[in-house]
2 protein chains.
Amino acid sequence: MFEISQKLPRPVVYRLPQYLTHVRELRQDGLEWISSHKLADDLGLTSSTVRQDLSKLHMHGVSKRGYRIVQLEKALSDVLGAGRVHNAVIVGAGYLGTALALHGGLAEQGFKICGIFDSDPELMGAAVGSLRVQSMETLDYVVGTKCKAEIGIIAVPASSAQSVADLLIDAGVRGLLNLAYTRILVPPGVALMDARIIANLQQLAYVIRNRNGKPAVSSTGKSSGNRKKHPASNNLPGGIKRDIKI
Amino acid sequence: MFEISQKLPRPVVYRLPQYLTHVRELRQDGLEWISSHKLADDLGLTSSTVRQDLSKLHMHGVSKRGYRIVQLEKALSDVLGAGRVHNAVIVGAGYLGTALALHGGLAEQGFKICGIFDSDPELMGAAVGSLRVQSMETLDYVVGTKCKAEIGIIAVPASSAQSVADLLIDAGVRGLLNLAYTRILVPPGVALMDARIIANLQQLAYVIRNRNGKPAVSSTGKSSGNRKKHPASNNLPGGIKRDIKI
DNA sequence: TTTGAATTGTTAAAAATTTAACGTTAAATA
DNA sequence: TATTTAACGTTAAATTTTTAACAATTCAAA
C-alpha cells in the first residue's frame, strides 16, 4: 500500500477527480499510455502542472511514452478511495436530497447512501428508491451503529443546515457535504465541502456580466466547431473557466 | 452605476457569494456595521483578506466602525447581479434536473428557470412544477427567442453532457452550469462552472482518509460545543475546510 | 550502433494570492 | 479639546501555486 508522504496541496486534490475520470475514459478507449502533454491538453492544464501533480502521487512515467494508464488509474483510484465503498447518509428528503439518493452516479462512484432523514412528520416512511425516509431521532443509531456512515450530506434549507451539521457530527460522521446555501462551521477533525450550486450560479452571473470577450454565437449563425480544445483556458478551483481573466 | 475597473481575481469572485449571504444575515439581524475582523472571523478568513477584497469593490469602511452593512450588501448584490433576474434553462429532466427546477433557492436568488428539456420521449410534457418537459427540438427557440436564457444548466448523464453543452451554446446561452460528472469544453466567451458534487465527495473521501487530526467525537460522549468558530480554518476554492493542511 | 526526437523529473523562476505591518483616520471619552 | 483606540487602506513581505526550462532518459529508426 503506497503512502502519500506529504499531504497534497489543495489544488492538487481538486484536480485528482478530473484526472481520474479522464484516465478512466482513456482506458475505456483502449489507450495504454498518456503523456503529460496530452493529458494537460485534454484537461486544460499545462504539462508542467500535470507532471508536478503526478510526481506527488509517486507516479513515474517513461520517456517517449508518458504514463501507463492502468497504473495511473490505480494510483488515482487509491488515493481518492474509489474502489472502496463509502457509506453516507442524507439529511433532508426534499427535492435535492431525494434526487441525490436516487442519483445513479453516486453509487457508481462508491458512495452508498444508507439512510435518508427528515424532520417533517409528513415524509416519515416515504419511499426513496429502496430506502425510506426516517426520523431524525434514528440518525444517531444509523450513522453510529447500523451503517457506520463516514459522510453526511446536508440537503436541508439554509436555516437548519448548521444544526443538522451538528447532529451529524455528534452522530459520528467524519466529513460533510453541504448543499445548503449557507456557511456551516465544523470543529477541527471534521472535513467539510460546500457544493455551492447557487453560489456557482451567482459567480456565473458575474462572469457573464463582466466578460470582455465576444459572444460565443455570431449573429449570423451557429458556432459549432469553434469549440474542440481550449488550451489557454485556466481551470482552477472555483471552477470558472475562460480564456480571459475575470 | 459603479464599474469594477479591474476584473476581479478568481478567489475574490469565489468569496463574493459568501460575503453576500453573510452580510444579508447580518442585516436581517438588525446590525448596521461590521468590521473586517468580525467578518473575517465569521467567514474563516483573515481581516486582511477581507479588506483587500472589499477595497476591490470600492467599498470604504470607516475607522472605529467598519463597513456599513446595507452598503456592503448593495455592492455585493450589484456585482453578483442579485436583484436582477437571470433566465436559465435546464437540460435533463431526471432527478437532479427536476430537483433544481423545483428548488426554491434558485428562484429566491433570482435564477428563473424558464424551461426544462429532455430527449426522452417518455418524459415529454411531464409536469415539473409549473413547467412541462419539452423536447430538445424546442431548445433553440426557447433559449434564443422566447425567454432569452443566459444560463444553461446541464443535468444529463456524463456521456451526453458535451453534446448538450454544444446545443446550449449554439442556442445562445452565455454561461453553463455543469452538474454532470465529466469535463466539458467550451469556446472562449462562454463561461463554465462545474458543480462537481461527486468530485466533492471524492475529495471528501480523500481528506477523511488522510487526516491526521483526532476524530471529532470522543468515545465518551457528544462533541457539541467544541464547534463555534474555527478561525484557523483555511477556506479556499475547492471547498475543503480544515485546520490542518491536507 | 549511432542519431534523433519525444517525454520525463526536477530545479528554478514567475505569477498569483494571502498575510502581516503600519501609518492614518475617525469616533469615543475624559 | 486632547487623548486614546479601534479599524481602515495600503504597501510590502511571505507563501502558495503555476509555469518555464533543461538535463537525463528511453525508444525508434536509420
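Protein chains get the first letters and strands the later ones, always in sequence-line order, with residue 1 at the start of each.
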Give the rounded distance in Å between these two atoms: CG of B/L57 and P of D/dT10.
13 Å

For C/dG9, does OP1 or OP2 lie under 4.0 Å from any side-chain N or O of A/H60?
yes

Reckon A/S36 touches a base, only the sugar-phosphate, or nothing at all at heavy-atom distances under 4.0 Å?
sugar-phosphate

How long is the line joining NZ of B/K56 and C1' of D/dC8, in whole Å?
15 Å

Nearest whole angstrom, please: distance from the P of D/dA21 to the NE2 of A/H37.
13 Å

Within the structure shown, what part of the strands sits under 4.0 Å from B/S35 by heavy-atom distance: base, sugar-phosphate, or nothing?
sugar-phosphate

Please check the phosphate of D/dT18 (OP1 and OP2 only) for any side-chain N or O of A/Y14 closer than 4.0 Å.
no

For D/dT18, does the base pair up with any side-chain atom of A/Q52 as donor and acceptor (N or O, under 3.5 Å, distance only)?
no

Please give me every residue in residues 22-32 of chain A whose heavy atoms get under 4.0 Å of an atom in DNA chain D, ordered by residue number.
none

So OG of B/S77 and CD of B/Q109: to nearest 0.5 Å the spacing works out to 9.0 Å

Just checking, A/R51 and A/Y67: is the charged tip under 6.0 Å from the six-membered ring centre and within 45° of the axis?
no

For D/dT18 and A/T46 - does any side-chain N or O of the residue sit under 4.0 Å from the phosphate oxygens OP1/OP2?
no

A/H58 NE2 to C/dG9 P, in whole Å, measures 13 Å

Considering just the side-chain nitrogens and oxygens of B/R15, establish if one lies under 4.0 Å of OP1 or OP2 belonging to C/dT18.
yes

Can you check the B/R51 CZ to C/dT19 C1' distance for me, whole Å?
10 Å

State whether the side chain of A/K7 and the backbone N or O of B/N210 hold a donor-acceptor pair below 3.5 Å, judged by distance alone.
yes

Given B/K112, which of B/V89, B/V85, B/I151 fulfils the side-chain contact (heavy atoms from CB on, under 4.5 Å) condition?
B/V85

State which of C/dA12, D/dT17, D/dT10 makes the closest approach to the side chain of A/P9.
D/dT17

Within the structure provided, determine whether A/L20 and A/L16 are in side-chain contact (heavy-atom separation under 4.5 Å).
no

Do any side-chain nitrogens or oxygens of B/Y67 fall under 4.0 Å of OP1 or OP2 in D/dA6?
no

Base, backbone or nothing for each nucleotide of nucleotides 25-30 of chain D, written B, S, -, heavy atoms under 4.0 angstrom, 5' to 3'?
BBBS--

Hey, are the side chains of A/R183 and B/E25 touching, using non-hydrogen atoms and a 4.5 Å cut-off?
no

Are A/L179 and A/V156 close enough that some pair of their side-chain heavy atoms sits under 4.5 Å apart?
no

Quickly work out the A/L45 CG to D/dT18 C1' distance and round it to whole Å.
10 Å

Atom-pair distance (CG on B/L54; C1' on D/dT10), nearest Å:
14 Å

Non-hydrogen side-chain atoms of B/H37 and B/D41 separated by less than 4.5 Å:
no

NZ of B/K38 versus P of D/dA6: gap in Å, rounded?
17 Å

So, is the end of the A/R24 side chain (NZ or CZ) under 6.0 Å from the ring centre of A/Y19 and within 45° of the ring's axis?
no

Modelled atom types, side-chain donor and acceptor of A/T46 and A/T49, under 3.5 Å
yes

Side chain of B/P11: nearest nucleotide among C/dT18, D/dG9, C/dT7?
C/dT18

